[in-house]
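Remarks on the structure that follows.
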Protein chains: 2
Amino acid sequence: MDFERADALNGAIRTIALKHRARAAAKLAELGLHPGHEAVLLLLSAKGPQTQRQLAAGADCEPPSITLMVRKLEAGGLVSRVPAARDARANVVRLTDEGREAVVRVKELWRDLADETVAGLAGTSVDQLIEALTDLARSLQGQAPGAGAS
Amino acid sequence: MDFERADALNGAIRTIALKHRARAAAKLAELGLHPGHEAVLLLLSAKGPQTQRQLAAGADCEPPSITLMVRKLEAGGLVSRVPAARDARANVVRLTDEGREAVVRVKELWRDLADETVAGLAGTSVDQLIEALTDLARSLQGQAPGAGAS
DNA sequence: CAGTGATCGTTATGCGCATAACGTTATGCC
DNA sequence: GGCATAACGTTATGCGCATAACGATCACTG
């Protein structure tokens with residue numbers, strides 16, 4: 001790939017990441033949340049109570065990030081942490097009733113964000129975009145860190 | 001858009017942003033750089049010496065971020081800051097000779113990163129991907145923060 | 001049963017990025 | 001010229017995310 005195409009690709013990813021995150025942050029702020037929190041809440045909503053390790057894996061981030069996010073969500077009353085029954089090292093995180101209400105709003109917000117995100121597309125259909133993005137995301141997710149050109 | 005598609009879209013963007021950034025960070029670390037620095041260096045390389053304000057606009061970030069990045073790049077000897085001739089408030093940032101050498105390596109790195117990024121694609125062509133991403137990036141860049149669904 | 005290694009979670013630290021508040025300089029209007 | 005307003009850059013602060021180092025617990029082996 002020549003430099004111009006590479007730069008277009010990398011630069012577009014950078015721009016998309018920044019702007020999308022900024023928009024998400026603006027919307028989440030109305031609920032007192034920050035970017036990343038929605039991933040935890042939606043995961044808990046989709047897959048039920050789970051340990052912080054599982055949350056880290058599901059949210060594509062590292063355990064220390066989960067520690068802080070869960071602490072904030074707990075302080076906000078959206079989530080509760082109880083020691084795991086069979087493993088004294090682990091905590092099981094679950095949604096509170098208040099958390100379940102918040103999830104409803106987060107889901108609406110999440111749909112609004114997606115609508116806004118695709119609102120300005122010029123020549124790309126939403127289906128094309130989603131397919132391309134999910135393909136890329138899956139590719140990056142599974143890839144070993146040393147793959148590709150060296 | 002239903003929630004599942006919205007979540008696929010938003011989640012894919014989040015994953016792509018995280019993984020792409022992590023890969024970029026790993027590569028840039030070999031040059032003693034951090035994510036974001038490459039954007040500044042490539043901008044200076046492409047558009048010549050410019051003020052920090054212009055860098056902020058070109059790199060899609062805010063002036064305080066530029067202050068710190070430029071400071072680090074200057075400490076690393078890749079960049080020099082001189083007071084602007086016609087405006088005592090502004091600094092003009094330019095590449096040093098060492099910075100120009102670094103740009104060469106950053107460009108190679110940037111191409112490698114792009115190659116790795118598309119290496120695992122399943123059903124999407126590189127051209128489709130780049131077109132979709134640049135379309136989306138341009139859309140997000142120009143959009144007013146309040147547009148779309150409310 | 002004792003000891004070794006892996007695993008869960010936390011703390012410490014560092015960077016990118018953001019917003020808010022501030023000092024300094026430039027520019028517009030009168 | 002004098003003054004209000006805007007613009008450039010910096011500092012302060014806060015969050016997400018990362019890695020590295022640590023204590024506590026589990027699981028596996030001799």
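By convention in this document, chain letters (A, B, ...) are assigned in the order of the sequence lines, proteins followed by strands, and residues within each chain are numbered from 1. No hydrogens, no waters, no symmetry mates; every other heavy atom, side chains included, goes into these values. These numbers come from a predicted model, not from an experiment.
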**Fill in**
Separation of dG16(C) atom P from Arg14(A) atom CZ, nearest Å, is 10 Å

**Prompt:** Is the shortest side-chain N/O distance from His37(B) to OP1 or OP2 of dC15(C) below 4.0 Å?
**Reply:** no

**Request:** Look only at the side chain of Asp135(B) and the backbone of Ala122(A), and say whether a donor-acceptor pair between them is shorter than 3.5 Å.
**Result:** yes

**Request:** Can you sort out which residues in residues 85-92 of chain B have a heavy atom within less than 4.0 Å of DNA chain C? Ascending by number, please.
**Result:** Asp87(B), Ala88(B), Arg89(B)

**Message:** Both Pro63(B) and Pro35(B) contact DNA chain C. Taking the nearest nucleotide for each, which residue is further toward the 5' end?
**Reply:** Pro35(B)

**Asked** So which of Leu44(B), Leu33(B), Val103(B), Asp97(B) actually passes side chain to side chain contact (heavy atoms under 4.5 Å, CB included) with Leu78(B)?
**Response** Leu33(B)

**Rounded distance [0.5 Å steps], CG in Leu68(A) versus CG in Leu73(A)** = 11.0 Å

**Asked** Thinking salt bridges, do Lys107(B) and Asp7(A) make one under a 4.0 Å N-O criterion?
**Response** no

**Residues within residues 46-57 of chain A bordering DNA chain D, heavy-atom distance below 4.0 Å** = none

**Prompt:** If you draw a 6.0 Å radius around CZ in Arg94(A), do more than 12 non-hydrogen atoms from other residues or ligands fall strictly inside?
**Reply:** no

**Asked** So do Leu42(A) and Val106(A) actually touch side chain to side chain, heavy atoms under 4.5 Å?
**Response** yes

**Request:** Quickly work out the Glu62(B) CD to dC15(C) P distance and round it to whole Å.
**Result:** 21 Å

**Request:** Return no unless some side-chain N or O of Thr67(A) is found under 4.0 Å from OP1 or OP2 of dT10(C).
**Result:** yes

**Message:** Can you measure Leu18(B) atom CG to dA18(D) atom C1' for me and round it to whole angstrom units?
**Reply:** 10 Å

**Fill in**
Rounded to whole Å, the CD1-P distance (Ile66(A) to dC15(D)) equals 17 Å

**Prompt:** For Gln50(A), does the CD atom have more than 12 heavy-atom neighbours from other residues, nucleotides or ligands under 6.0 Å away?
**Reply:** yes

**Asked** Rounded to the Å, how far apart are Leu68(B) CG and dG14(D) P?
**Response** 16 Å

**Prompt:** Rounding to a whole Å, what distance do you find between Leu28(A):CG and dA18(C):C1'?
**Reply:** 14 Å

**Request:** Find the distance Arg23(B):CZ to dA18(D):C1' and express it as a whole number of Å.
**Result:** 16 Å

**Item:** Nucleotide of dT19(D), dG9(C), dG16(D) approaching Arg81(A) most closely (side-chain heavy atoms)
**Value:** dG9(C)

**Separation of dG14(D) P from Lys72(A) NZ (nearest whole Å)** = 11 Å

**Message:** So Ile13(A) and Thr117(B), do their side chains get closer than 4.5 Å, heavy atoms only?
**Reply:** yes

**Gap separating the CD atom of Glu131(B) from the OG atom of Ser125(B), nearest 0.5 angstrom** = 8.5 Å

**Asked** Are OP1 or OP2 of dA18(D) and a side-chain N or O of His34(B) less than 4.0 angstrom apart?
**Response** no

